[in-house]
Amino acid sequence: MQNTSRASTPERILTLLTSTIGQVLISVLVPLLTFVVLWRGFLFLRDSNAPKSIIALVAIIWGVGGVGLLYLIANWIVEQLPDKWTARLQPFVFVGPAVAILIWYLALPAFRTFWISLWNRNGTAFVFLQNYLDVFRDRGMLESFRNNLLWMIVGTTFSVGFGLLIAVLADRSKFERIAKSIIFMPMAISFVGAGIIWKFIYENRPPGEAQIGLLNAVVTALGGQPQAWVSLVQPWNNLFLIVIVVWLQTGFAMVLFSAALKGIPAELLEASRVDGANEFQVFFRIMVPYIQGTIITVTTTIVIFTLKIFDVVMVMTGAQYGTEVIATQFYRQYFSNRNFGYGSAIAIILLIAVIPVMIYNLREFREKEAF
Amino acid sequence: MFTNKRFTLISLLLILALILVACGGSGNNSNTGESSDTDSDTITGTPLEMAMQGAYRGTIVTMTGPFTDEDEVKFNASIAEFEAATGIDVQYTGTKEFETTISVRVDAGNAPDIADFPQPGLLANFVADGKVVDVSTFLDMNKLQANYNQSWLDMATMDGPNGPIMAGVWHRFNGKSLVWYPKAAFDAAGYQVPQTWDELIALMDEIVADGDTPWCIGIESGTATGWPATDWMEEFMLRTTSLENYDKWVAGELPFNSPEVINAAEKMSELWFNGDYVYGGRAGIVSTFFGDSPKPMFDNPPKCWLHKQGNFITSFFPEGLQPGVDYDFFYLPGIDPAYGKPFLVAGDIMAMFNDRPEVRAVMEYFSTGESVRAWLAAGGALSPHRDTNLDWYGDDVERGVAALAQQASSLRFDASDLMPGEVGSGSFWKGMTDYVSGSVDLPTAMREIDAAWPR
Amino acid sequence: MERKLGSAKRRKLVSDILLNGALTILCLLWALPTVGLFVSSFRTREDIFASGWWKVLPHRAYVTVETLDIPTGVTRDQVVEIAGVSGTFDEFRLGKTNSEGQQIIWVGNLRAGRIEIQEREWTTRSNFTLSNYEQVLAGKEYSYQRPDGSTQTVQGDNLTGAFLNSVAVAVPATIIPILIAAFAAYGFAWMNFTGRKFLFIMVVALLVVPLQIALVPILRDYQALKLNGTFLAVWLAHTGFGLPLATYLLYNYISGLPRDTLESAFIDGASHFTIFTRLILPLSVPALASFAIFQFLWVWNDYLVALIFIGEVREQEVLTMRLASIVGSRGADWHLLTAGAFISMLLPLIVFFGLQRYFVRGLLAGSVK
């Protein structure tokens with residue numbers, strides 16, 4: 001093992017150079033090499049005439065195997081280096097591919113969007129922050145902000161709450177598997193399918209007709225008037241839409257909470273129960289602190305999900321009747337109106353809205369210590 | 001230092017490998033050029049004539065549009081003969097997310113050769129960005145003028161970055177000023193088809209007196225909710241004010257907040273918001289899917305008797321109904337005789353994004369009636385071409401609509417489809433649904449529609 | 001002593017009942033909408049529009065036993081006598097009950113209608129059909145009239161090809177991002193390097209980026225690389241769009257693993273790579289399995305990404321695209337949508353059941369000592 005401090009100056013510069021170059025190389029080369037190898041294979045596959053099932057199978061093996069192999073090779077190369085280099089470069093073998101892909105697929109497009117947001121509708125004049133000012137003057141946008149806030153607070157609270165409740169209940173029940181499967185089932189349904197399902201709930205027929213929506217059937221059976229739940233009952237119609245997302249997302253929260261609960265050592269729970277703690281105490285004193293990290297993660301994810309909410313609103317109301325949200329506004333401006341400047345500004349506002357969530361997560365991150 | 005050298009060596013090897021792979025990659029890419037180099041020198045004529053002589057055999061023309069399912073089958077049927085004769089493979093893929101896909105693909109430089117736009121207003125945005133090929137550069141304008149009513153050509157003329165261009169050719173259209181009724185039950189009940197507005201009102205009151213609601217209306221349409229309301233607005237505009245005002249309104253010179261438009265909206269509200277006139281009342285209007293809304297007409301006995309919609313609505317009617325027997329239509333009468341017999345239409349325009357000889361041939365084909373012949377027979381479309389024959393229509397009802405469109409004192413295009421996307425498929429829909437659902441009053445709704453107009 | 005044990009037992013029983021009761025209520029609530037969909041998928045198009053799905057259950061309803069013609073020349077507020085009951089049109093329209101408990105109802109209006117005499121009976125609407133599934137699975141049949149007057153019938157594509165394509169898209173688009181994210185998550189959790197904080201924040205921030213903004217630039221890059229229409233194009237796109245969440249969720253789990261476990265492995269001389277593959281991956285199975293389920297679902301149900309990146313190649317159409325075109329521009333084919341939604345749910349549910357056995361307690365039990 002050489003000691004760098006004893007090396008001469010030119011050697012030290014060379015070391016520094018190779019170190020930086022090496023880091024860059026590893027993080028760029030590994031994904032690039034993966035990509036090129038996969039790419040060549042796929043061009044070949046696309047042009048071949050083999051039966052579909054065989055192509056599919058080969059594609060799967062080629063893709064998954066290729067990625068796995070590249071990690072192995074990259075790591076092997078790095079481990080051949082002196083220990084100091086290994087220590088310096090190995091993290092980049094681990095995070096490099098992810099970072100490179102993220103930059104390509106999301107970070108660069110995000111920067112591009114920011115740049116576009118400073119221009120007018122088709123990029124012919126620089127307008128600086130004008131688009132942002134316009135966003136906050138538009139009644140429709142302000143309505144969207146209100147609705148998104150509602151989505152975030154109500155949607156997240158209930159999804160996380162129900163998810164946690166069901167995970168805890170199911171964990172202690174003999175019917176755990178079946179219960180979890182039922183709660184999970186909505187997640188497996190596409191948004192279009194979910195739209196149809198909820199039409200069978202919210203559908204409105206004129207009074208005196210046979211109601212085919214369950215909610216109105218119940219209401220009329222109790223002697224009430226049928227209502228157009230998702231259109232006329234403003235602003236509560238937003239809540240009826242949020243119910244759909246709670247129904248969809250609780251499964252997500254439940255699966256993650258359930259996995260986390262399984263991580264609590266059984267001895268810990270037993271010990272506190274033997275000590276005479278009741279179930280509520282066990283829940284708040286043992287379970288909640290133990291899975292706190294998961295609670296934060298799940299909440300963050302669902303907050304961001306509700307911030308981006310789009311499909312459900314589009315399918316159910318076409319973002320009409322006062323149910324407009326930020327993502328539908330963005331979509332309409334960007335794709336229907338091709339007002340790229342304004343649309344991009346809306347997308348960037350989404351990014352800004354998530355800053356508090358980021359700060360909170362960063363605080364959590366700082367507390368973690370690495371090797 | 002030994003290990004250090006090895007490290008440098010590995011780095012070098014990596015770079016070398018990369019360069020090799022990259023070069024190998026670029027070396028193979030050059031042989032994907034087009035292979036349409038048949039001896040085209042010996043064949044001459046317009047693109048279509050050349051194609052018919054087999055000049056473009058083996059070429060592919062890609063197309064996209066919003067229609068899928070049954071319409072896709074009808075479209076494929078209507079181009080099958082052309083494909084067989086020319087050897088050009090027209091590959092159509094329909095998508096429900098047409099607005100997004102066309103926008104993304106055009107901007108990414110991956111545009112289809114031809115796209116079918118149901119809304120000229122949407123196409124105008126692409127024309128303004130200079131993405132669309134001017135068809136007048138290769139189509140004979142005299143032939144176009146001979147085969148289309150001038151107003152169709154005017155509507156196809158849009159502003160590009162270097163002045164106005166001919167943005168596409170009209171392929172088919174829908175008649176909108178039509179009121180559908182359940183003919184069998186209607187005749188049995190002894191109701192009479194109204195010829196004038198007063199007769200229509202009398203019929204409506206008669207139906208009310210008999211204990212039913214005359215109209216069924218629904219404006220729910222997923223992402224496009226509200227458009228049936230804009231159609232109604234346009235009908236009332238055409239019937240309560242002059243054509244000049246209608247054209248000014250479409251062009252954005254007559255604001256929504258002007259007395260003329262407000263008057264039309266109020267006239268419409270008298271019908272729409274009268275609980276006796278509409279099945280299900282306001283709640284029914286806002287929460288009924290437009291395609292389901294005519295269904296109560298075909299209950300036995302009918303629950304409503306009149307439904308205003310374009311002729312495409314017949315494919316939403318319950319299966320097994322006989323056109324002309326179970327259902328028929330009449331022209332929505334004019335309110336003021338001074339404004340004549342205006343007829344509202346909407347249609348699909350084919351626009352071209354890539355300029356290749358075979359694409360030109362397909363575009364030229366679309367400008368002939370032959371290109372919709374099979375579709376006319378199958379039903380669900382009308383032809384804007386003059387060289388179509390009324391005999392080509394599959395049933396008497398559609399033939400009747402086509403004849404009505406020819407006899408109309410004036411033809412006007414769906415205003416919301418012509419207005420810029422911000423209004424036509426944005427604030428106009430939204431403003432009308434907001435107004436109908438009662439979340440804003442009429443002046444506010446109209447002001448907000450105006451505010452969205454791009455200036 | 002015995003009494004105390006007895007009361008503890010009873011308490012356990014009560015809490016068990018409460019717990020399972022609450023769980024049952026929640027499960028019923030959650031299952032109800034899906035049950036409606038399931039029942040509807042076996043009903044005919046007409047039935048779906050005519051009555052609520054719950055009417056397939058036995059229920060009491062008025063059933064017509066006799067139909068009469070309407071009296072002619074009646075005005076709206078004239079009192080008439082029908083089947084021994086007198087009332088006005090408006091009253092009959094809502095239904096009037098005669099002495100035998102029968103309901104006499106005027107269906108339709110004054111000119112076109114009929115009188116129905118109904119009795120309250122137990123009834124069901126059990127008019128079940130498999131045709132919705134047939135149409136979705138085997139392809140819809142279209143028949144139309146040709147210019148020469150003959151009728152042409154065309155059989156739409158069946159689902160097999162689209163199903164295989166969906167599998168070929170979804171499996172790698174699930175495994176690849178998880179593999180990449182697991183490496184990255186370990187890197188962020190347990191390795192020190194410059195830019196660690198910055199890169200992690202980037203991951204969290206990118207969670208919120210709507211994927212629509214990336215479509216144009218990515219499609220442009222694909223164009224240059226001639227990637228359009230290949231499976232790789234969609235896998236990479238799903239990898240890119242799924243990575244922030246995958247990394248974030250897996251980071252949360254991997255960073256929560258007990259530090260001492262790793263420390264002792266380091267003392268034994270294991271490298272990061274060995275620890276990752278031999279220790280972390282096996283320990284993270286529940287997290288990997290749960291994310292695998294989500295990613296699989298998202299990819300399976302995705303429509304937009306597939307449409308943009310392989311939409312132009314008909315042969316590589318995925319299930320959601322096939323279903324969207326069956327359901328069609330009409331948007332009114334509810335009966336087909338219900339069947340289609342169920343068919344497309346099957347594989348994700350199988351994946352869920354398959355992976356559920358990894359959510360077990362005690363994976364860490366051996367290692368935490």
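Reminder, nothing fancy here: chain letters follow the sequence lines and each chain counts from 1.
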Short question: side chain of A/Lys262, backbone of A/Phe257 - any donor-acceptor pair under 3.5 Å? no
Hey, can you tell me if C/Tyr186 and C/His272 have their rings parallel, tilted or perpendicular (30° and 60° cut-offs)? perpendicular
Measure distances from C/Leu346 to the heavy atoms of chain A and classify the residue's part below 4.5 Å as side chain, backbone, both or neither. neither
Under a 4.5 Å heavy-atom cut-off, does chain A meet the side chain of C/Ile180, its backbone, both or neither? both
Atom pairs and distances, side-chain donor-acceptor, residues 98-111 of chain A, under 3.5 Å, sequence neighbours left out:
residue  : atom : partner  : partner atom : Å
A/Trp104 : NE1  : C/Asp221 : OD2          : 2.6
A/Tyr105 : OH   : C/Tyr222 : OH           : 2.4

Relative to chain A, which of C/Ala31, C/Ser15, C/Ser40, C/Pro348 shows the most heavy atom pairs under 4.5 Å? C/Ser40
Angle class for the C/Phe200/C/Tyr248 ring planes (parallel below 30°, perpendicular above 60°, tilted otherwise)? tilted
Given that the side chain runs from C-beta out, which part of A/Glu209 has a heavy atom under 4.5 Å from chain C: side chain, backbone, both or neither? neither
Which bit of A/Leu214 comes within less than 4.5 Å of chain C, counting heavy atoms only: side chain, backbone, both or neither? both
Can you label the angle between the C/Trp235 ring and the C/Phe231 ring as parallel, tilted or perpendicular, going by 30° and 60°? parallel
Tell me, side chain or backbone of C/Val209 under 4.5 Å from chain A's heavy atoms, or both, or neither? both
Let's test your reading of the structure: which of A/Gly213, A/Ala353, A/Ala347, A/Gly251 forms the most heavy-atom pairs below 4.5 Å with chain C? A/Gly213
Options C/Leu347, C/Leu243, C/Ile213, ranked by heavy-atom pairs under 4.5 Å with chain A, top entry: C/Ile213
Is C/Asn252 reaching over with its side chain to a backbone N or O of A/Gly293, donor-acceptor style, under 3.5 angstrom? yes
Let me know if A/Leu72 has heavy atoms under 4.5 Å from chain C in its side chain, its backbone, both or neither. both
Between C/Ser255 and C/Ala189 (side chain of the first, backbone of the second, donor and acceptor by atom type, cut-off under 3.5 Å), is there such a pair? no
Under 4.0 Å between a side-chain nitrogen and a carboxylate oxygen: does that hold for C/Asp47 and C/Lys55? no
Which of A/Phe335, A/Trp198, A/Tyr71 touches chain C most, by non-hydrogen pairs under 4.5 Å: A/Tyr71
Honestly, the part of C/Met345 sitting under 4.5 Å from a heavy atom of chain A is both
Given heavy-atom pairs under 4.5 angstrom as the criterion, report whether the side chain, backbone, both or neither of C/Phe276 touches chain A. side chain
A/Phe330 versus chain C, the contacting section by heavy-atom distance below 4.5 Å: side chain
Honestly, the part of A/Phe252 sitting under 4.5 Å from a heavy atom of chain C is both
What part of A/Arg172 lies closer than 4.5 angstrom to a heavy atom of chain C: side chain, backbone, both or neither? both
Can you tell me if A/Ser181 uses its side chain to pair, donor with acceptor, with the backbone of A/Arg177 under 3.5 Å? yes
Heavy-atom proximity to chain C below 4.5 Å, by part of A/Gln90: both
Quick check on the interface: out of C/Ala181, C/Ala22, C/Ala182, C/Ala237, who has the most heavy-atom pairs with chain A under 4.5 Å? C/Ala237
Toward chain C, the part of A/Ala179 with a non-hydrogen atom under 4.5 Å: both
Segment of C/Trp298 engaging chain A (4.5 angstrom heavy-atom cut-off): side chain
Applying a strict 4.5 Å limit to non-hydrogen atoms, the region of A/Thr297 in contact with chain C is both
Mind ranking C/Leu179, C/Val169, C/Asn20, C/Leu28 by heavy-atom pairs under 4.5 Å with chain A and telling me who comes out on top? C/Asn20
What part of C/Phe353 lies closer than 4.5 angstrom to a heavy atom of chain A: side chain, backbone, both or neither? side chain
Under 4.5 Å to a heavy atom of chain A? For C/Leu32 that would be side chain
Ring-ring centroid check C/Tyr251 C/Phe188, cutoff 6.0 Å: no
Under 4.5 Å from any heavy atom of chain C, what part of A/Val67 do you find: side chain, backbone, both or neither? both
Which of C/Pro210, C/Gly340, C/Ala341 touches chain A most, by non-hydrogen pairs under 4.5 Å: C/Pro210
Counting only non-hydrogen atoms closer than 4.5 Å, does A/Pro91 touch chain C with its backbone (N, CA, C, O), its side chain (CB onward), both, or neither? both
So which part of C/Leu199 gets closer than 4.5 Å to some heavy atom of chain A, the side chain, the backbone, both or neither? side chain
Please check if the side chain of C/Ser271 supplies one atom and the backbone of C/Thr274 the other of a donor-acceptor pair under 3.5 Å. yes
Is C/Val204 close to C/Pro244 at the side-chain level, that is, under 4.5 Å between some pair of heavy atoms? no
A/Ile189 portion near chain C, given a 4.5 angstrom heavy-atom threshold: both
If you tally heavy-atom pairs under 4.5 Å against chain A, which of C/Leu236, C/Leu211, C/Thr34 wins? C/Leu236
Top contributor to chain C interface from A/Ala210, A/Gly193, A/Ser173, A/Gly66 [non-hydrogen pairs under 4.5 Å]: A/Ser173
Mutual orientation of the aromatic rings belonging to C/Trp30 and A/Phe162 [parallel < 30°, tilted 30-60°, perpendicular > 60°]: perpendicular
What part of C/Leu26 gets closer than 4.5 Å to chain A, counting heavy atoms only: side chain, backbone, both or neither? both
Can you say whether C/Leu206 sits under 4.5 Å from chain A via the side chain, the backbone, both, or neither, judging by heavy atoms? both
Looking at A/Lys199 and A/Glu203, is there a salt bridge between them, counting it only when a charged N and a carboxylate O are closer than 4.0 Å? no
Answer with side chain, backbone, both or neither: which region of A/Ile201 has an atom nearer than 4.5 Å to a non-hydrogen atom of chain C? side chain
Polar side-chain atom of C/Thr320 near backbone of C/Asp302 as donor-acceptor pair, under 3.5 Å: yes
Below 4.5 Å from any heavy atom of chain A, which atoms of C/Leu297 appear? Answer side chain, backbone, both or neither. side chain
